[in-house]
Engineer: 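First the structure, which I've put down as structure tokens, then a few questions once you've had a look.
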Number of protein chains: 2
Amino acid sequence: MRAVQDCMDVLNGKWKIAIISSICYYSKRRFSDILNDVDGISNKMLSKELKELEINQLVKRTVLDTQPVTVQYELTDHGWSLRTIIENLTNWGIEHRKKIFES
Amino acid sequence: MRAVQDCMDVLNGKWKIAIISSICYYSKRRFSDILNDVDGISNKMLSKELKELEINQLVKRTVLDTQPVTVQYELTDHGWSLRTIIENLTNWGIEHRKKIFES
DNA sequence: CGGGATCCCCATTGATACTG
DNA sequence: CAGTATCAATGGGGATCCCG
């Protein structure tokens with residue numbers, strides 16, 4: 001019971017799951033790419049959420065020495081371990097949509 | 001990607017997962033019991049979240065003809081199908097706690 | 001017991017503009 | 001490009017009281 005909350009504390013906020021999904025799908029992803037992937041998110045929110053994910057060691061941030069600057073985000077091993085959950089959530093979402101559609 | 005959001009739309013709010021976990025664990029659970037299970041939730045929020053879960057057909061509400069009234073909450077088959085996800089989240093939460101503790 | 005109604009606040013989010 | 005800064009608004013959520 002407590003453990004579920006520990007998990008949700010890390011995945012709190014409106015966008016965390018979607019952000020992780022995006023990075024997870026593409027392995028490596030840039031700031032502006034994620035901004036496009038996640039529908040409706042603002043740069044401010046993305047910045048904030050990514051920072052939190054980094055603190056919780058789910059995401060690794062890498063600055064590439066290009067002009068202009070490129071920043072890569074990728075999942076850490078720990079973040080990567082959420083893959084199963086993401087998949088389950090996705091599958092459930094699909095099933096749920098069917099369910100609601102039928103009724 | 002969209003599907004993950006469909007799922008999270010249903011599980012939104014601060015308390016949904018915890019509430020489902022509570023009911024899931026006990027199979028049937030009363031309002032005041034859930035109120036105790038979920039640490040920090042207010043009756044207003046519990047009431048509201050349960051209503052939403054009912055609308056999304058994850059939870060079934062049954063009023064028992066006692067004095068005073070007893071209300072049972074249980075998961076529908078659809079709600080029950082979240083069991084795997086709950087378990088995954090729980091396990092991940094435990095692992096995460098270890099991880100953070102080490103660092 | 002299981003909520004509903006009210007009041008109220010502040011944290012989260014949005015929109016926009018700006019910068020290295 | 002990858003953010004930061006600032007201002008403003010909304011609604012999530014707490015506290016309390018009430019009711020059948």
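Keep in mind that this is a model prediction, so the values were computed, not measured. Within every chain, numbering begins at 1; the chains are lettered A, B, ... in the order of the sequence lines, protein sequences first and strands thereafter.
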Engineer: Would you confirm whether A:Asn12, through its side chain, and A:Asp9, through its main-chain N or O, come within 3.5 Å as a donor-acceptor pair?
Structural biologist: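 Yes; at least one donor-acceptor contact below 3.5 Å.
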Engineer: Counting only side-chain nitrogens and oxygens, does A:Thr70 get under 4.0 Å of the OP1 or OP2 atom of D:dC1?
Structural biologist: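 Answer no for this pair, as no side-chain N or O of A:Thr70 is under 4.0 Å from OP1 or OP2.
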Engineer: In whole Å, I'd like the distance from the CG atom of B:Asn36 to the C1' atom of C:dG2.
Structural biologist: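 Going from B:Asn36 (CG) to C:dG2 (C1'), I get 13 Å.
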Engineer: Under the 3.5 angstrom rule, does the side chain of B:Ser21 hit a backbone N or O of B:Ile17 as a donor-acceptor pair?
Structural biologist: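 The answer is yes, because a donor-acceptor pair under 3.5 Å joins these two groups.
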Engineer: Looking only at heavy atoms, which two atoms of B:His78 and B:Asn56 are closest? And how far apart?
Structural biologist: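 Taking B:His78 first and B:Asn56 second, the nearest heavy atoms are CD2-O, 4.1 Å.
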Engineer: Starting at CG of B:Leu46 and ending at P of C:dA5, how long is that distance when rounded to a whole Å?
Structural biologist: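 Value for this atom pair: 16 Å.
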Engineer: For residues B:Ile86 and B:Val10: do they belong to one hydrophobic cluster (side chain heavy atoms under 4.5 Å, members Ile, Leu, Val, Met, Phe, Trp, Tyr)?
Structural biologist: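 Cluster IDs for B:Ile86 and B:Val10 match.
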Engineer: Separation of B:Glu52 atom CD from C:dG3 atom C1', in whole Å?
Structural biologist: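 From B:Glu52 CD to C:dG3 C1': 16 Å.
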Engineer: Rounded to the nearest angstrom, tell me the gap between atom CD in A:Glu49 and atom P in C:dT12.
Structural biologist: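 A:Glu49 atom CD is separated from C:dT12 atom P by 10 Å.
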Engineer: If only atom types and distance count, is the side chain of B:Thr70 paired as donor or acceptor with the main-chain N or O of B:Leu64 below 3.5 Å?
Structural biologist: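 Looks like no, no N/O pair under 3.5 Å.
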Engineer: Can a donor-acceptor pair be found, under 3.5 Å and without considering hydrogens, that links the side chain of A:Asn91 to the backbone of A:Glu87?
Structural biologist: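 A pair under 3.5 Å: yes.
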Engineer: In whole angstrom, give the distance that lies between atom CD of B:Gln72 and atom C1' of C:dC1.
Structural biologist: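 Roughly 12 Å, once rounded to whole Å.
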Engineer: What is the distance, to the nearest angstrom, from the CG atom on B:Asn12 to the C1' atom on D:dG13?
Structural biologist: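 Result: 14 Å.
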Engineer: Compute the bend angle of the helix from C:dC1-D:dG20 to C:dG20-D:dC1 from the end axes (five pairs per end), rounded to 10°.
Structural biologist: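 End-to-end axis angle for the helix from C:dC1-D:dG20 to C:dG20-D:dC1: 60°, rounded to 10°.
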Engineer: D:dA2 C1' sits how many Å from A:Lys28 NZ, rounded?
Structural biologist: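 To the nearest whole Å, that distance equals 18 Å.
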Engineer: Under 4.0 Å from OP1 or OP2 of D:dT4: is there any side-chain N or O of A:Lys48 that close?
Structural biologist: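 It does not, given that no N or O in the side chain of A:Lys48 lies less than 4.0 Å from OP1 or OP2 of D:dT4.
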Engineer: Between the main-chain N or O of B:Lys60 and the side-chain N or O of B:Thr76, is there a donor-acceptor pair closer than 3.5 Å?
Structural biologist: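 Judged by distance alone, no pair lies under 3.5 Å.
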Engineer: So, is B:Tyr73 close to the C:dG3 phosphate, meaning a side-chain N or O under 4.0 Å from OP1 or OP2?
Structural biologist: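 So the side chain of B:Tyr73 is within the cut-off, an N or O lying under 4.0 Å from OP1 or OP2 of C:dG3.
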Engineer: Reading nucleotides 14-20 of chain C 5' to 3', which nucleotides get B (base under 4.0 Å from a protein heavy atom), which S (sugar-phosphate only), which -?
Structural biologist: BBBB---
Engineer: Would you confirm whether A:Glu49, through its side chain, and A:Trp15, through its main-chain N or O, come within 3.5 Å as a donor-acceptor pair?
Structural biologist: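 Indeed, once roles are kept as given, a pair shorter than 3.5 Å links the two residues.
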Engineer: Between the side chain of A:Arg83 and the main-chain N/O of A:Trp80, is any donor-acceptor distance below 3.5 Å?
Structural biologist: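 Here the side-chain-to-backbone pair exists.
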Engineer: Within the structure, does a side-chain N or O atom of B:Arg61 lie under 4.0 Å from either OP1 or OP2 of C:dG3?
Structural biologist: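 For C:dG3, OP1 or OP2 has a side-chain N or O of B:Arg61 closer than 4.0 Å.
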Engineer: Starting at atom CZ of B:Arg29, determine the distance to atom P of C:dG2, rounded to an integer number of angstrom.
Structural biologist: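 B:Arg29 atom CZ is separated from C:dG2 atom P by 11 Å.
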Engineer: Indicate whether OP1 or OP2 belonging to C:dG4 is found under 4.0 Å from a side-chain N or O atom of B:Ser47.
Structural biologist: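 For C:dG4, OP1 or OP2 has a side-chain N or O of B:Ser47 closer than 4.0 Å.
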